[in-house]
Amino acid sequence: MEHGGRATAQPHRPRRRVVAGGAQLRPAVRTDRLGELPPPQLHPAGVPHRNRAVAAAQAGPARGVRPADQDRGLLNAPPLRNADREVVVTGKPLIGISADLADAAWDVWRRRAIVLPVAYHEQVVAAGGIAVVLPPQPRAASNMIERLDGLVLAGGGDIDPRRYGARSHPSTRPADPLRDEWEIRLARSALAADLPVLGICRGMQLLNVALGGTLVQHIPDIVGTDAHLPDPSGFGKHPITIRPSSELHAALGERADIATHHHQSVGDPGRGVVETAWTADGIVEGIEVRDRTFACGVQGHAEESGMTGLFERLVRAAARRTGTAQPSSHS
């Protein structure tokens, strides 16, 4: 802003930018300021970084580009340009799913691999989204959130109790510090940007821990049974009761049977966390984060329970946020 008699510039108000796949370009966010975003970043030509190929399509075929190359899709995208040189392309929302690193075997190989049960990406696709797997890379968390329209925090192993100020229980399994750090950064960056988030099993617990909450480290100490983990190598099933007017209630109704495989649960709720579902023995089975567009967690394995409606609510929230058309699970 200029002073001393010269013209005073009007403050810049960042405008929404939507790119191929429905993703809204967003700058890096500070995880300690929920909902506060700095201005969007452009490359020197004034076009969002991720849109260079799309912008090139508007100027016509690049020199040396063959027609066959254009037919592959990216250079033929039908973008719209406004006065601020923003490029807008609508499509299905891009939903990231956090994954694990583990020793795995396939064909003749036994290698360290990116591991994620296929049911997660199948449910995202069935709900009308585009699924992308996110292996641990903590330093890239905020940049990753800029490129996504929604996030699924998947199930997995126990979270390090030191993350919520507790000593380890004898039944708590060794934690993976890389995945813990990756997903906590993802969760905080997503909440800061108000990116739609769905946490499943460990993912629900991690949402709570990321917001300063605690966990019950071993449920049998409280309820006296293994009802929440009846099969050490498979899923059990039990009913949950759901709070009216919650995201879970909108997706699943007042009661639902859900696949279960967990020995830990949410303890003290974190900042802004509201309990939304319980089992008959009082264990928390669902949470939401207040003042977020869609930040929901479910303790049971919704991806294994055919609960496509819950994933559809995530995908719809992602589509609304980015200004894309309502996705269809049949498209």
Side-chain angles (χ1 to χ4, degrees), residues 16-29 31 34-35 37 50 89-99 116-135 137 140-155 182-204 206-207 210-211 246-248 250-252 286-298 301-303 307-329 331:
R16 301 176 72 183
R17 285 166 166 76
V18 182
V19 298
Q24 177 183 331
L25 278 175
R26 295 174 290 277
V29 296
T31 59
L34 293 183
L37 300 177
R50 191 177 168 197
V89 180
T90 60
K92 294 183 177 182
L94 189 68
I95 309 297
I97 311 171
S98 64
L116 180 73
V118 70
Y120 287 100
H121 106 264
E122 288 178 340
Q123 287 293 337
V124 167
V125 172
I130 297 174
V132 57
V133 177
L134 309 178
Q137 42 197 317
S142 61
N143 288 334
M144 185 65 70
I145 293 303
E146 294 172 26
R147 290 160 170 80
L148 296 175
D149 302 319
L151 174 67
V152 175
L153 296 168
W182 164 236
E183 291 184 334
I184 286 175
R185 290 192 186 192
L186 274 181
R188 289 175 176 167
S189 294
L191 292 168
D194 198 15
L195 189 83
V197 184
L198 174 60
I200 295 178
C201 196
R202 167 196 162 94
M204 182 184 95
L206 187 126
L207 267 178
L211 289 168
S246 65
E247 290 287 352
L248 283 180
L252 307 176
I287 63 171
E288 290 180 11
V289 182
R290 287 195 301 263
D291 301 325
R292 299 294 97 183
T293 300
F294 184 98
C296 177
V298 61
H301 283 269
E303 83 287 357
M307 295 178 173
T308 306
L310 183 56
F311 288 86
E312 286 176 345
R313 292 193 67 81
L314 169 71
V315 171
R316 288 188 191 122
R320 287 194 301 268
R321 184 177 185 276
T322 56
T324 60
Q326 182 78 15
S328 169
S329 58
S331 61

Original post:
Measuring from E247:CD to L252:CG, what's the distance to the nearest 0.5 Å?
Top reply: 10.5 Å
Subject >> Closest contact, heavy atoms only, V315 versus P93 >> reply: O-CG, 3.8 Å
Subject >> Where A131 and H121 come nearest, the two heavy atoms and their spacing >> reply: CB-CB, 3.8 Å
Original post:
How far apart are the C-alpha atoms of L134 and L148, what are their side-chain angles, what is the distance that settles it, and do they pass the side chain to side chain contact (heavy atoms under 4.5 Å, CB included) test?
Top reply: CA-CA 11 Å; L134 309 178; L148 296 175; 3.8 Å; yes
Subject >> N/O donor-acceptor pair under 3.5 Å between S98 side chain and A154 backbone >> reply: yes
Original post:
How many angstroms lie between CZ in R292 and CG in L211, if you round to the nearest 0.5 Å?
Top reply: 9.5 Å
Original post:
Does H301 have any ring pair (Phe, Tyr, Trp, His ring centres under 6.0 Å) partners at least two apart in sequence or in another chain, and if so, which?
Top reply: F235
Subject >> Which residues share a side-chain contact (heavy atoms from CB on, under 4.5 Å) with Q137, sequence neighbours left out >> reply: P135, A140, M144, W182
Original post:
Can you check whether L94's main-chain N or O pairs, donor with acceptor, with D149's side chain at less than 3.5 Å?
Top reply: yes
**OP:** Name all residues meeting the side-chain contact (heavy atoms from CB on, under 4.5 Å) criterion together with A187; count only those two or more places apart in sequence or in a different chain, and write none if there are none.
**Re:** L153, L206, L207, A210
Original post:
So how far is it from L314 CG to I95 CD1, rounded to the nearest 0.5 Å?
Top reply: 4.5 Å
Original post:
Who passes salt bridge (Lys or Arg N to Asp or Glu O under 4.0 Å) against E303, sequence neighbours left out?
Top reply: none
Subject >> Candidates I145, I184, N143 - the one meeting side chain to side chain contact (heavy atoms under 4.5 Å, CB included) with S189 >> reply: I145
Subject >> Approximate separation, where rounding is to 0.5 Å, of L195 CG and L151 CG >> reply: 6.5 Å
Original post:
Does A317 have any side-chain contact (heavy atoms from CB on, under 4.5 Å) partners at least two apart in sequence or in another chain, and if so, which?
Top reply: P196, F294, R320
**OP:** State whether the side chain of Y120 and the backbone N or O of A99 hold a donor-acceptor pair below 3.5 Å, judged by distance alone.
**Re:** no
Subject >> Rounded distance [0.5 Å steps], CG in L248 versus CE in M307 >> reply: 8.5 Å
**OP:** Over all heavy atoms of both residues, which pair between A141 and R185 is shortest? Give the atoms and the distance, please.
**Re:** CB-CB, 3.6 Å
Original post:
Are side-chain heavy atoms of F311 and I200 found at a separation under 4.5 Å?
Top reply: yes
